[in-house]
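One structure is given here, and the rest of the page talks about it.
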Amino acid sequence: MKFGIIREGKNPPDKRVPLSPQQCLQLLNQYPNLEIAVQPSPIRCFPDAEYAEAGLNLQEDLSDCDVLLGVKEVPVAMLIPNKSYLFFSHTYKKQAYNRDLLRAILDKKIRLIDYEMLKDISGKRLLGFGRYAGIVGAYNGFRAYGKLSGEYELKAAHECKDRRELEHELVKVRLPQNFRIALTGAGKVAGGAMEILSALKITQVYPDEFVREDFNKEVVYTQLNVQDYFKRQDGKPFIRKDFYQDNQGYESNFLPFAEHADMYIACHYWSEGSPLIFSRAEARDPRFNIKLVADISCDIDGPVASTIRPSTIADPFYAYDPQTEKEVAFGTSGSIAVSAVDNLPGELPRDASEDFGNELIKNIIPHFFNGDPQGILAKASETELNGKLSSYFAYLKDYVA
Ligand SMILES: NC(=O)c1ccc[n+]([C@@H]2O[C@H](COP(=O)([O-])OP(=O)(O)OC[C@H]3O[C@@H](n4cnc5c(N)ncnc54)[C@H](O)[C@@H]3O)[C@@H](O)[C@H]2O)c1
């Protein structure tokens with residue numbers, strides 16, 4: 001079997017890779033029947049020279065490969081017919097902007113395995129860039145706080161060579177006594193963000209303690225899950241499974257936490273129809289105390305009222321005025337500072353890529369060699385080599401018609 005690592009073709013260019021040079025070598029050692037070719041690229045975070053130095057073949061034409069691996073959507077003109085591809089296609093929710101891409105994939109008889117659809121038997125996603133989104137997003141939150149307070153200045157994450165340098169920057173962070181942080185979510189993004197909180201040695205407390213206790217001037221944070229920031233409208237106990245099955249009949253329970261928090265790090269997943277976490281009206285409530293939101297989830301005009309637009313790596317911060325419901329200059333009195341970069345892993349592309357590659361090697365690649373007994377690859381294949389949608393994605397028929 002021959003794998004090919006494709007050059008990213010989407011604009012703006014993405015520097016991330018699915019496998020680093022060392023990870024390619026690890027795979028070649030592990031699977032004697034495997035070959036790997038790398039398409040040259042001027043923009044990768046691991047330059048061509050590093051792949052070449054590792055002894056890997058750089059080749060422009062990947063038509064002799066069986067499986068092609070990328071990161072972002074592959075432009076239609078770059079698709080090679082009759083191959084298996086792995087990348088993030090953003091098509092499973094029938095996203096209109098990628099309809100022509102999926103049509104072309106069917107037309108060219110390509111098997112598309114979408115990274116986002118690779119799940120274990122319990123339905124948990126097996127790989128993604130979420131952890132590094134959490135790491136960089138939380139870091140950006142503390143960078144924003146330094147600017148807001150004028151107490152310290154952190155280097156931008158994308159100017160740090162790697163995660164080590166980024167963590168080293170954290171020694172500059174100075175927070176006031178009694179500073180309190182609320183964090184929503186319990187997935188990979190939250191895990192990454194909590195790595196930064198733990199590097200800062202910030203103490204975690206239970207949600208009920210967070211709203212009740214005095215922490216004797218200690219800086220603390222609390223992690224809130226759906227049952228903490230939402231409640232049932234009928235007052236009955238919250239059962240997570242029921243909420244995931246049907247999100248109607250719930251409302252926000254976030255205000256008690258917003259009343260006791262100075263900073264909010266949003267790491268939840270949010271689905272259409274779920275309650276808002278805090279509304280525009282709640283942001284105006286005199287009890288609402290949050291001054292800074294690091295919104296890693298980054299749903300625009302969604303559950304976090306202050307996230308009115310995404311920000312960029314080059315210009316990551318803005319502010320929201322709850323009274324006028326408009327954007328104002330960062331630092332404006334009475335406003336909520338916002339950090340809402342929507343491509344966070346791109347700020348630390350080497351570390352994020354290595355983390356992704358490790359999960360790919362551990363959780364996915366073995367199934368190319370073991371007959372895929374649990375159907376992990378099969379269930380993530382939106383299309384087949386015969387030019388048809390797979391049975392798992394038959395619901396996309398009207399989308400590609
Ligand atoms: N800004 C970026 O660059 C970036 C990068 C990667 C991921 N993300 C976003 O971060 C978010 C979290 O990603 P993840 O992989 O940790 O997600 P996940 O699927 O693991 O879910 C995270 C948590 O969200 C909560 N949750 C689940 N369903 C919910 C609902 N309907 N309403 C409210 N809360 C719910 C639960 O606590 C769950 O543990 C996603 O929205 C993802 O798109 C952003």
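Keep in mind the model is a prediction, meaning the values are calculated, not measured. Each ligand, and each atom within it, is numbered from 1 in the order the structure gives. Quick note: numbers below take in every heavy atom, side chains included, and nothing from hydrogens, waters or symmetry partners.
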Task: Atom indices of ligand 1, in the order listed, that fall short of 4.0 Å to a heavy atom of G185 - done: 23 (C), 37 (O)
Open item on the list: Please classify the A133 to ligand 1 contact at 4.0 Å (heavy-atom distances, strictly less than): side chain, backbone, both or neither.
Closed with: side chain
TODO: Examine the proximity of ligand 1 to Y229 and report which part, side chain or backbone, both or neither, has a heavy atom under 4.0 Å away.
DONE: side chain
Task: Point-to-point distance, once rounded to the nearest 0.5 Å, from CG of L166 to CG of D162 - done: 9.0 Å
Task: Proximity of F243 to ligand 1 by residue part, where a heavy atom lies under 4.0 Å - done: side chain
TODO: Evaluate the side-chain proximity of E382 to Y392: yes if any heavy-atom separation is below 4.5 Å, no if none is.
DONE: no
Task: Within 45° cone and under 6.0 Å: R309 NZ/CZ vs Y318 ring - done: yes
Task: 4.5 Å side-chain heavy-atom contact, S271 and N247 - done: yes
Task: Exercise check, heavy-atom protein proximity under 4.0 Å to atom 10 (O) of ligand 1 - done: yes
- [ ] Report yes if some heavy atom in the side chain of Q374 is under 4.5 Å from a heavy atom in the side chain of H367; otherwise report no.
- [x] yes
- [ ] Sort out for me which residue in Y264, F210, F288 forms a ring pair (Phe, Tyr, Trp, His ring centres under 6.0 Å) with F254.
- [x] Y264
Open item on the list: Counting only heavy atoms closer than 4.0 Å, does ligand 1 sit against the backbone of A186, its side chain, both, or neither?
Closed with: both
Task: Structural part of V341 in contact with ligand 1, heavy atom criterion under 4.0 angstrom - done: backbone
Open item on the list: I'd like to know if the side chain of S297 pairs up with that of D299 as donor and acceptor (distance under 3.5 Å, no hydrogens or angles considered).
Closed with: no
Task: Nearest neighbour of atom 1 (N) of ligand 1 from the list V136, I296, V226, N225, on a heavy-atom basis - done: I296
TODO: Please determine if K188 has a nitrogen or oxygen closer than 3.5 Å to a nitrogen or oxygen of ligand 1.
DONE: yes
Task: Protein residue, atom and distance nearest to atom 42 (C) of ligand 1, heavy-atom basis - done: S297 O, 4.7 Å
Task: Pairs satisfying salt bridge (Lys or Arg N to Asp or Glu O under 4.0 Å), at least one member in residues 354-367, at least two apart - done: R131-D355, K188-E359
Task: Y115 side chain reached by R125 side chain, heavy atoms, under 4.5 Å - done: no
Open item on the list: Among all protein heavy atoms in this structure, tell me which lies nearest to atom 41 (O) of ligand 1, with the distance rounded to 0.1 Å.
Closed with: H268 O, 3.6 Å
TODO: Identify, for atom 3 (O) of ligand 1, the protein heavy atom at the shortest distance, and state residue, atom and that distance.
DONE: L344 N, 2.9 Å
- [ ] Heavy-atom contacts with N343 under 4.0 Å: which atoms of ligand 1 show up? List them by number with element.
- [x] 3 (O)
TODO: Would you tell me which option among G187, C298, C267 has the nearest heavy-atom contact to atom 12 (C) of ligand 1?
DONE: C267
Task: Distance from atom 31 (N) of ligand 1 to nearest protein heavy atom, with residue and atom - done: S271 OG, 2.9 Å
Task: Test item, P345 contacting ligand 1 (heavy atom, 4.0 angstrom) - done: yes
Open item on the list: How about NZ on K108, more than 12 heavy atoms from neighbouring residues, nucleotides or ligands closer than 6.0 Å, or not?
Closed with: yes
TODO: Quick one: look up the protein heavy atom nearest atom 7 (C) of ligand 1 and list residue, atom name and how far away it is.
DONE: V189 CG2, 3.8 Å
Open item on the list: With a 4.0 Å cut-off on heavy atoms, is G137 in contact with ligand 1?
Closed with: no
- [ ] May I have all residue pairs that pass salt bridge (Lys or Arg N to Asp or Glu O under 4.0 Å) and include part of residues 233-250, sequence neighbours excluded?
- [x] R232-D234
- [ ] Tell me, yes or no, whether the heavy-atom count around K83 atom NZ, taken from other residues, nucleotides or ligands under 6.0 Å, exceeds 12.
- [x] yes
Task: Residue portion contacting ligand 1 (non-hydrogen atoms closer than 4.0 Å) for P303 - done: neither
- [ ] Report, in ascending order of atom number, the atoms of ligand 1 lying under 4.0 Å from any heavy atom of S274.
- [x] 30 (C), 31 (N), 32 (N)
- [ ] Check whether any side-chain heavy atom of F278 sits under 4.5 Å from a side-chain heavy atom of S252, and report yes or no.
- [x] no
- [ ] Report the nearest protein non-hydrogen atom to atom 26 (N) of ligand 1: residue, atom name, distance rounded to 0.1 Å.
- [x] Y269 O, 3.3 Å
- [ ] Would you kindly specify which portion of D342 sits under 4.0 Å from ligand 1, judged on non-hydrogen atoms: side chain, backbone, both or neither?
- [x] backbone
TODO: Provide, to 0.1 Å, the distance between atom 28 (N) of ligand 1 and the closest protein heavy atom, together with that atom's residue and name.
DONE: Y244 CE2, 3.3 Å
Task: Element-labelled atoms of ligand 1 that are located less than 4.0 Å from some non-hydrogen atom of F230 - done: 32 (N), 33 (C)
Open item on the list: If you define the side chain from C-beta out and look only at heavy atoms, does anything of K124 sit under 4.5 Å from K119?
Closed with: no
